[in-house]
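Heavy atoms only: backbone and side chains are in, while hydrogens, waters and symmetry mates are out.
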Amino acid sequence: MDITEQCVVALTWTLTDTLGEELDVLDEPVEFLLGGDDLLKPIEEALQGHGPGARLKLQIEPEQGFGDYDDQMLFLEPRNRFPAELEEGMTFEGHALPAGSNPDAPRDALYTVSEIYPEHVVLDGNHPLAGIAIRIDLQVHAVREATEEEIGRGTAGTGFFRIQPAAPGSGSIH
C-alpha cells in the first residue's frame with residue numbers, strides 16, 4: 001500500500017541539526033497518522049506516494065517546522081512558587097502554572113524550565129526546536145489504512161515532536 005492522505009505509517013528516523021548534531025533517534029518503528037496532527041506538513045507531503053522500505057532525507061526550515069525562536073516567550077518567575085524538587089528540563093502546561101505566575105504567559109503553551117536561580121526560575125514557552133533547521137533521515141516500515149477512531153482523534157496516538165510533560169531527565173522530544 002502506498003502512502004496517501006489519512007493512512008498510518010510506521011517510521012524510524014534520525015534527526016539532526018544542520019551541523020550534524022543528533023537531536024533524536026527512533027530506533028523502533030512508531031506509527032503516525034497522515035492527515036492529522038502527528039507529523040509536520042513537509043514530512044507528510046514528502047511521504048505521499050511512497051511505500052514500505054522507502055528512505056527519505058529532508059531538511060525542514062524553522063518556518064516549516066517549529067517556528068522562529070521568540071524571546072517574548074521567556075518568563076521569569078519567583079523560585080518560591082515552584083516545588084523544591086524542581087529541575088531544569090521539567091515542563092509545565094500553561095494552565096497549570098503556579099498561582100500568581102505572570103499573567104502575560106499564554107496558558108495554552110507548554111513551558112520548559114530552562115534555568116533555575118536561587119530567587120527565580122526561567123520558563124521557556126518556545127518549542128525546543130524553535131529556530132532550528134532540522135534534517136530528518138527517515139524510513140517507512142509499514143503503511144496501513146487509518147481507523148475511524150484515529151481519524152476522529154487526528155492522531156495514531158504518537159505526535160511528532162508533540163512535547164508532553166515529562167519526568168525530570170527525560171530527553172525525549174516525541
Side-chain angles (χ1 to χ4, degrees), residues 8-48 56-77 79 81-83 86-98 101-117 120-139 150 153-174:
V8 173
V9 296
L11 304 173
T12 55
W13 66 57
T14 300
L15 180 78
T16 60
D17 63 17
T18 55
L19 298 175
E21 182 178 331
E22 198 170 88
L23 302 172
D24 190 46
V25 176
L26 273 183
D27 297 11
E28 297 296 321
V30 174
E31 290 189 332
F32 298 94
L33 173 69
L34 264 74
D37 298 324
D38 287 350
L39 293 166
L40 295 170
K41 293 301 173 208
I43 295 172
E44 286 191 354
E45 291 167 3
L47 286 169
Q48 298 289 324
L56 298 154
K57 292 184 180 201
L58 309 169
Q59 180 161 322
I60 301 171
E61 298 300 325
E63 60 274 8
Q64 299 171 300
F66 305 102
D68 290 319
Y69 189 83
D70 182 358
D71 60 4
Q72 298 298 306
M73 289 298 291
L74 291 175
F75 297 93
L76 294 178
E77 297 291 340
R79 172 65 182 95
R81 290 196 176 129
F82 292 85
L86 188 71
E87 296 180 28
E88 287 183 12
M90 289 179 84
T91 56
F92 292 87
E93 292 185 26
H95 63 81
L97 289 174
S101 294
N102 189 326
D104 293 333
R107 296 306 189 233
D108 61 347
L110 187 66
Y111 295 91
T112 302
V113 176
S114 61
E115 297 179 79
I116 302 172
Y117 296 97
H120 67 273
V121 172
V122 179
L123 298 179
D124 188 345
N126 287 288
H127 188 284
L129 297 177
I132 298 174
I134 58 173
R135 292 180 177 159
I136 186 165
D137 180 0
L138 62 84
Q139 182 170 0
E150 289 167 331
R153 284 191 329 242
T155 181
T158 309
F160 181 78
F161 297 117
R162 188 174 305 152
I163 303 300
Q164 301 294 335
S170 171
S172 178
I173 56 177
H174 52 268

*asked:* Quick check for you: to the nearest 0.5 Å, what is the distance between L97 atom CG and N102 atom CG?
replied: 9.5 Å
*Mind checking the CG-CG spacing from L56 to L11? Nearest 0.5 Å is all I need.*
9.0 Å
*Among all residues two or more places apart in sequence or in another chain, which pass the side-chain contact (heavy atoms from CB on, under 4.5 Å) test with E61?*
Q59, E63, Q64, A133
*Distance-minimising heavy-atom pair for L58 and A46*: CD2-CB, 3.5 Å
_Donor-acceptor under 3.5 Å (E44 side chain, G35 main chain)_ = yes
*Check: N126 side chain, M73 main-chain N or O, donor-acceptor pair, under 3.5 Å*: no
_Where E77 and F82 come nearest, the two heavy atoms and their spacing_ = CB-CE1, 3.5 Å
*Hey, could you give me the CG/CD1 distance between L86 and I116, rounded to the nearest 0.5 Å?*
4.0 Å
*Roughly how far, to the nearest 0.5 Å, is CD1 of I43 from CH2 of W13?*
6.5 Å
*Quick one: salt bridge (charged side-chain N to carboxylate O under 4.0 Å, His left out) partners of R135, sequence neighbours excluded?*
none
*Sub-4.5 Å side-chain heavy-atom contact between D104 and F75*: yes
*Rounded to the nearest 0.5 Å, what separation is found between the CD1 atom of I132 and the NE2 atom of H127?*
9.5 Å
_From L123, L74, T91, V121, residue fulfilling side-chain contact (heavy atoms from CB on, under 4.5 Å) relative to Y111_ = L123
*Within the side chain of D137, is there an N or O that forms a donor-acceptor pair under 3.5 Å with the backbone of T14?*
no
*Can any side-chain N or O of D38 pair as donor or acceptor with the backbone N or O of L33 at less than 3.5 Å?*
yes
*What's the spacing between D124 CG and T112 OG1 if we round to 0.5 Å?*
6.5 Å
*Could you give me the CA-CA distance, side-chain angles and deciding distance for I60 and F66, then say whether side chain to side chain contact (heavy atoms under 4.5 Å, CB included) is met?*
CA-CA 9 Å; I60 301 171; F66 305 102; over 6 Å; no
*Are the side chain of R107 and the backbone of A105 linked by a donor-acceptor contact shorter than 3.5 Å?*
yes
*asked:* Taking the side chain as everything from C-beta on, heavy atoms only, tell me whether L76 gets closer than 4.5 Å to V122.
replied: yes
*Taking all atoms of both residues into account, what is the closest heavy-atom pair of T16 and L23, and its distance?*
C-CD1, 3.7 Å
_Set of residues satisfying side-chain contact (heavy atoms from CB on, under 4.5 Å) with respect to D68, sequence neighbours excluded_ = P62
